[in-house]
Amino acid sequence: MTDNDMDALSQIWITKKNEVDATELKTKLKTRINRIKLFALMERIFTLCAVIAVIILMANIRELATYILGGTTILALIGGLAYAEKLRNELNTVTTGDAHKLLMDMTNQYRAKIKYLEAGIYGIIPSTILGALLGMFIVGVNDNQRKEVLTNALGDIAGLPLILLGGVIIFILLGVCILLLRRTKEHLVHIETQLSLNTDSLEDE
Amino acid sequence: MNQDFEDIIEQHSEMVTRIIASYERDIEIRKDLMQDVFIAVWRALPSFRGEGELRAFIARIARNRCISHIAKAVKEPQKLELQPDLKSATPNPEQTLQEEQEYARLLAAVQSLPLQIKEVAILALEGLKYQEIALILGISVNAVTLRYKRAKKILKKVLSS
């Protein structure tokens, strides 16, 4: 094959135009970019709060640090919960339609979204525990009472119910989030099964 | 999203479409990949120092995304595969049926190439120079020349059969 032949092939090659309308692509990208920016902003705020909390912990104002850490964690969880609920609602709306192509598109997108959300929620548990341990460690180093920190924290009668209540709220929210995710996943499997059945029946015909 | 990025989408979306089509047969997955590529471009743009052509920079990102996609797809369990949709989703009225058929034949031939040769063939068909292809793929110009020759040989064989 000569270079001229390749040039001819190149001409055929570039006849292929867009598969997606540029305006539609731009709109979708705009939504995704805005979401990325929002998440980046939330991440920064969360990090800033964590840094402030650690500084306050180092200054031995434990209660304030607990409120800040607890507050930001709960806010993050509520955000996750709201997003999971939004996904589930969107999915319900979609399944009432009958467009095969749209459904295939949506299931692929939702699988990716759920994966991110799951990673986020499951990531909160170890990071919260690690954060708490680190906080206690820092307080312990400053007070020279590393071994007694946990005992002191639990022995603080005024603080204990608050800690327990916070823990219960966090675990309830986490539980609901995970439950919603599981339900959404089951929904996806159901849709995929339906799609496979439809495709099979089309092939049979 | 600023105007510059919107212009980039306008100018390079066709090239990205063609690169993606060479790696993935499912049109719905291709649309998702298209978004992923442009998100990656948006993230990478601040690091673009203008040393080479922007087109080559975007082609490199598209190629890397497609390779990651293939690597992931190989790991995932095989799903029900729909018929490959080689026609354009938004048909251009000016595009004749013959052109579409020729393109579909060429695309099928390119898709059948071994990966290393395919990568060079796609970028060469896009009109990129040997040096640019070498830079995108991270190989020497000699290797590009060699793979390009092999690509031509295989394409000739496939297209004439």
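For the set B:R43, B:K149, B:M15, the count of heavy-atom pairs under 4.5 angstrom toward chain A peaks at B:R43. Among B:E126, B:E14, B:R18, the residue with the largest count of heavy-atom pairs under 4.5 Å with chain A is B:R18. In terms of heavy-atom pairs under 4.5 angstrom with chain A, the leader among B:V16, B:L125, B:I122 is B:L125.
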Walk me through it: do B:E10 and A:K26 pass the test side chain to side chain contact (heavy atoms under 4.5 Å, CB included)? CA-CA 9 Å; B:E10 289 274 356; A:K26 278 183 203 169; 2.7 Å; yes
When you look at B:M34 and A:K28, which way does the side chain to side chain contact (heavy atoms under 4.5 Å, CB included) test go after all the steps? CA-CA 11 Å; B:M34 183 91 170; A:K28 281 184 179 171; over 6 Å; no
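Only the side chain of B:V110 comes within contact range of chain A, judged by heavy atoms closer than 4.5 Å. Neither the backbone nor the side chain of B:I20 comes within less than 4.5 Å of any heavy atom in chain A.
Of all the heavy atoms in B:L106 and A:L9, the pair that sits closest is CD2-O, 3.4 Å. B:A124 and A:S10 make their closest contact through O-OG, 4.4 Å (heavy atoms, listed as atom of the first residue, atom of the second, distance).
By the 6.0 Å contact criterion, CZ on B:R55 is enclosed, its count of non-hydrogen atoms from other residues, nucleotides or ligands being greater than 12.
Using a 4.5 Å cut-off on side-chain heavy atoms (C-beta onward), B:W42 and A:I33 make contact. Residues B:K31 and A:E24 fail the side-chain proximity criterion, which asks for heavy atoms closer than 4.5 Å.
For the atom pair A:I12 CD1 and B:Y103 OH, the distance stands at 11.5 Å (nearest 0.5 Å).
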